[in-house]
Visitor: 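Mind having a look at this structure? Questions to follow.
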2 protein chains.
Amino acid sequence: MRKTKRREGGKTDNRGTAGPSSRRPVPETDYEAVFRDFLQARGLKLTRERMVILEEVFKHDDHFDIDEFHMKMRKKGLKVSRASIYRTLPLLQECGLVDEVKTTERQAFYEHIHGRRHHDHLVCLSCGKVMEFYSPAIERLQEEICRRRRFKSLRHVLEIQGHCKDCA
Amino acid sequence: MRKTKRREGGKTDNRGTAGPSSRRPVPETDYEAVFRDFLQARGLKLTRERMVILEEVFKHDDHFDIDEFHMKMRKKGLKVSRASIYRTLPLLQECGLVDEVKTTERQAFYEHIHGRRHHDHLVCLSCGKVMEFYSPAIERLQEEICRRRRFKSLRHVLEIQGHCKDCA
DNA sequence: TTGAGATTGAGAACAAATCTCAATCGTGGC
DNA sequence: GCCACGATTGAGATTTGTTCTCAATCTCAA
Ligand SMILES: [Mn+2]
Ligand SMILES: [Mn+2]
Ligand SMILES: [Zn+2]
Ligand SMILES: [Zn+2]
């Protein structure tokens, strides 16, 4: 009982951002190039959906979860399925453009990290605000701990939960 | 369409651990007293199920998730529903007997912390092993970060993921 | 231009956690 | 000890985030 109509056709809107070797009315951005090269190197295809998602991610200057993200796209009239978003974000992660922050809450959130450095998070339990911090000292101590145990660290999550100064 | 039969009766097995002022064939443990006092103070009832769960938690000397925990109880013939476990563990948390460790993986896990100190975790992505560590220096640095931002920290999660020395 | 193979979307499937509510239990007051 | 009544339980339903399915569709190297 699956709907038969699909991709209600229409505006292909290639915008020239992706055309293999066509003129570029809009110069390709860094992150577009990064993503394109990544896809190519992996034998993956540069689809309209993937590009739309990429652009949208880089318009967000904040942390976001997938549902919220999907909703915003729909409101703008950008037709991309939730499934594609769930499939594309891990790709963006793999090429280092996006970071998935697995929270201790139920939903993971994402943020683009184009050229940004690793950091950890303070999460306000009242208003949901997410603040960032980076402590070289903490990072060093973690490395030290792993070294002592001969544990090969691949990643870590440090999330401090509490109340921000506005909610105290 | 709910089953009508309930609590297939039988062995009440009070074991004397909970009797209000009866003789105590088995001396009450610390944690039993802690839990009992907590329940009393909150006007909650000391039920067979809660006691069974408590005992079982303190037989586990490791981290466990609820489903695994429930399964083990069933195998032993201890009849307690998953729902009751989901309801009781937060109580044990509130009275400080148990710690819920929200991981970056999907399932949270628990551990009893009777008299034990806060610590953080190294998780091996190959074998699933969980190792513990405690770094006063890291804790201090976190406090410092919160102070600087006037953030009131209630809890934190620090989980380092990677490969343990046996899996490297 | 074309076809093999990758991708998509809608909804189904999954899984952890929470909720529902009738049947049952625990406890303080008698 | 017995009672009454609020608390608790269990089985299944529900919720919710995420992943899977697969026919239709698209992409791109040749
Ligand atoms: Mn961040
Ligand atoms: Mn632990
Ligand atoms: Zn806040
Ligand atoms: Zn291991």
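Any value given below was found using the heavy atoms of this structure, including those in side chains, with hydrogens, waters and symmetry copies removed.
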Visitor: Reckon A:L44 touches a base, only the sugar-phosphate, or nothing at all at heavy-atom distances under 4.0 Å?
Guide: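 Answer is sugar-phosphate: A:L44 comes under 4.0 Å of backbone atoms only.
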
Visitor: Once you apply a heavy-atom cut-off of 4.0 Å, does A:R50 come out as touching a base, just sugar-phosphate, or nothing?
Guide: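 Contact class for A:R50: sugar-phosphate only.
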
Visitor: With nearest nucleotides of DNA chain C determined for A:S81 and B:R87 from heavy-atom distances, which residue corresponds to the more 5′ nucleotide?
Guide: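 This one resolves to A:S81.
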
Visitor: Should D:dT15 form a Watson-Crick or G-U wobble pair with both distances under 3.5 Å, which nucleotide is its partner?
Guide: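 For D:dT15, the partner nucleotide comes out as C:dA16, under the 3.5 Å rule.
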
Visitor: How many Å lie between CG on A:D67 and C1' on D:dT19, as a whole number?
Guide: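 Atom CG in A:D67 sits about 14 Å away from atom C1' in D:dT19.
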
Visitor: D:dG6 base to B:K45 side chain: any donor-acceptor pair below 3.5 Å?
Guide: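 Check passes, donor-acceptor contact within cut-off.
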
Visitor: Rounded to whole angstrom units, what separation is found between the CG atom of A:L39 and the P atom of C:dG5?
Guide: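 From A:L39 CG to C:dG5 P: 20 Å.
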
Visitor: Should B:Y86 be listed as having a side-chain N or O under 4.0 Å from OP1 or OP2 of C:dA17?
Guide: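 Yes, within the criterion.
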
Visitor: Would you mind reading off the distance between A:R48 atom CZ and D:dT27 atom C1', rounded to a whole angstrom?
Guide: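 Those two atoms, CZ and C1', are 14 Å apart.
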
Visitor: Can you measure A:E100 atom CD to D:dT19 atom C1' for me and round it to whole angstrom units?
Guide: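 So the two atoms are 13 Å apart, to the nearest Å.
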
Visitor: Does the cation-pi check pass for A:R117 over A:Y134, that is, NZ or CZ under 6.0 Å from the six-membered ring centre and within 45° of its axis?
Guide: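 So A:R117 does make the cation-pi contact.
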
Visitor: Using the rule given for ring-ring contact (aromatic ring centres under 6.0 Å, His included), can you reason through B:F35 versus B:H114, listing the C-alpha separation, both sets of side-chain angles and the distance that settles it, and then say yes or no?
Guide: CA-CA 11 Å; B:F35 192 35; B:H114 189 228; over 10 Å; no

Visitor: Can you find a side chain N or O atom of A:S84 that sits less than 4.0 Å from OP1 or OP2 on C:dT7?
Guide: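 Answer no for this pair, as no side-chain N or O of A:S84 is under 4.0 Å from OP1 or OP2.
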
Visitor: What integer distance in Å separates A:Q40:CD from D:dT27:P?
Guide: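 For the pair A:Q40 CD and D:dT27 P, the rounded distance is 15 Å.
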
Visitor: Does a nitrogen or oxygen in the side chain of B:T47 sit under 4.0 Å from OP1 or OP2 of D:dA7?
Guide: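 Answer is no, no contact under 4.0 Å.
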
Visitor: Evaluate the criterion ring-ring contact (aromatic ring centres under 6.0 Å, His included) for residue pair A:H119 and A:F133; output intermediate values, then yes/no.
Guide: CA-CA 6 Å; A:H119 57 260; A:F133 70 89; 8.6 Å; no

Visitor: Do B:H112 and B:H63 have side-chain N/O donor and acceptor atoms under 3.5 Å apart?
Guide: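 No - no donor-acceptor pair under 3.5 Å links their side chains.
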
